[in-house]
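To start, the structure itself, in structure tokens.
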Amino acid sequence: MVIFKKNNDINIYISAQVANGRSIGFVPTMGALHAGHLSLIKKAKEDGTLAVCSIFVNPTQFNDKKDLEKYPVSTEADIELLISAGCDVLYMPDVEEIYPGGAANTKTFDFGYLDTILEGAKRPGHFKGVGQVVARLLDIIKPAKLYLGQKDYQQCMVITKLTEMMGLQEMEVVICPTMRESDGLAMSSRNRRLTEPQRVVAAIIYQCLVSIQSKQHIGSFAVVKKECEDLLSAKGFEPDYVALADARNLKLLDNYNTDTPMVALIAAKIGEIRLIDNMLL
Ligand code: PAF
């Protein structure tokens, strides 16, 4: 695996690879890698692309600065994991490479409705920061395929919209299934901050999603939502939202509509850790 820290160096390398007929598969990350990230690298390799991963903890997407300070960093272990997954290139820029002249001088995008609901409503400015950094990374890497995890469903929709706004319709956005622990907990870099007792109850989020899914033909969503909120609270979570939406555009639904592709989404906090997950119905 080749590691680059400077835009110029990775540009030269990637241009040479593309001139030699390689197509680029890109996996953007903030490090603290787990099997979910590695599944994206493996998919990029299976698709025959040159797998490029970035590790950059983007300060502009943290609306809570404490969350940024506590974001886990494990660079040595990440490099080992990427090598074992067959990653070809790792890009690890510093803030100055991504935001020369400061983030305030770097282009941002308006995601409209998508930024007003769920994560957008709970984390003001978060998607603006995500859009800003992903736009920069796409400008630098210029991939043919971009690999994202379904775990961040709303982020997948925001980034897909970003690629449209950037006129990158040729680039394929590949959304890969959420990887789960054996008890169903969605893999996330935040999981490593859970205490042992918190980790024991954390799979309740997954169980709620399964219950929302399994009751779609028999239940009223309002009733199932209340059951989930009560269950989450009983296990020590503070639910942020338990929501049902049209999977194509994230328009929120009051009740099940089995004529529509649906997605159930949950965000809940336990102690200081906020976890999110979703399930297609
Ligand atoms: O999902 C993440 O890790 C980040 O939001 C991303 C897409 C790498 C942008 O910083």
Side-chain angles (χ1 to χ4, degrees), residues 7 10 24-41 43-44 51-65 67-68 70-75 77-78 81-82 85 87 89-95 97-99 103 106-109 111 114-115 118-120 122-141 143 145-163 165-166 168 171-179 186-193 265 267 273-278:
N7 297 347
I10 194 165
I24 308 299
F26 179 43
V27 180
T29 81
M30 297 204 297
L33 302 182
H34 50 69
H37 297 110
L38 302 185
S39 73
L40 305 182
I41 301 284
K43 176 77 174 104
V52 177
C53 176
S54 64
I55 295 181
F56 177 68
V57 183
N58 173 36
T60 70
Q61 71 186 74
F62 288 85
N63 54 315
D64 176 353
K65 292 300 162 208
D67 205 18
L68 170 61
K70 293 195 176 148
Y71 201 81
V73 176
S74 52
T75 312
D78 290 350
L81 287 171
L82 287 172
C87 183
V89 178
L90 170 60
Y91 176 49
M92 286 201 308
D94 63 18
V95 174
E97 286 295 300
I98 294 293
Y99 301 124
T106 308
K107 187 168 178 181
T108 57
F109 295 80
F111 299 107
L114 275 180
D115 199 10
L118 306 173
E119 291 304 288
K122 293 288 171 188
R123 303 180 65 190
H126 169 65
F127 286 130
K128 191 169 152 205
V130 169
Q132 185 179 39
V133 74
V134 174
R136 280 291 291 137
L137 292 166
L138 293 178
D139 270 343
I140 296 162
I141 311 287
K145 293 184 182 222
L146 173 65
Y147 294 87
L148 302 171
Q150 191 204 309
K151 148 104 183 357
D152 297 300
Y153 194 86
Q154 193 172 358
Q155 170 169 278
C156 291
M157 299 203 75
V158 162
I159 294 178
T160 303
K161 184 160 181 186
L162 171 75
T163 62
M165 291 199 265
M166 291 175 75
L168 297 176
M171 195 193 72
E172 191 186 340
V173 180
V174 184
I175 298 173
C176 301
T178 303
M179 298 293 285
M187 289 189 185
S188 163
S189 307
R190 286 166 202 266
N191 293 353
R192 59 179 82 176
R193 289 177 56 203
L265 309 105
I273 322 296
R274 188 169 179 278
L275 299 177
I276 62 170
D277 197 358
N278 67 81

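In this text the structure is predicted, and so the values were computed from the model without any measurement. Whatever order the structure lists ligands and atoms in, that order sets their numbers, starting from 1.
- At least one donor-acceptor pair closer than 3.5 Å links the side chain of K65 to the backbone N or O of P59.
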Pairs under 3.5 Å, nitrogen or oxygen of ligand 1 with protein nitrogen or oxygen:
{"from": "ligand 1", "atom 1": "1 (O)", "to": "Q155", "atom 2": "NE2", "distance (Å)": "2.8"}
{"from": "ligand 1", "atom 1": "5 (O)", "to": "Q61", "atom 2": "NE2", "distance (Å)": "2.9"}
{"from": "ligand 1", "atom 1": "5 (O)", "to": "Q155", "atom 2": "OE1", "distance (Å)": "2.7"}
{"from": "ligand 1", "atom 1": "10 (O)", "to": "Q61", "atom 2": "OE1", "distance (Å)": "2.6"}

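- For the ring-ring contact (aromatic ring centres under 6.0 Å, His included) test, no residue two or more places apart in sequence or in another chain qualifies with F111.
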**OP:** Test side chain to side chain contact (heavy atoms under 4.5 Å, CB included) on C156 and V173 and set out the steps.
**Re:** CA-CA 9 Å; C156 291; V173 180; over 6 Å; no
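- Side chain of N278 to main chain of K151: a donor-acceptor pair is present (N/O by atom type, distance under 3.5 Å, no hydrogens or angles).
- A salt bridge is defined here as a Lys NZ or Arg NE, NH1 or NH2 lying under 4.0 Å from an Asp or Glu carboxylate O, and D64 with K70 fails to meet this definition.
- Between the side chains of Y71 and N58, no donor-acceptor pair is found at a separation under 3.5 Å.
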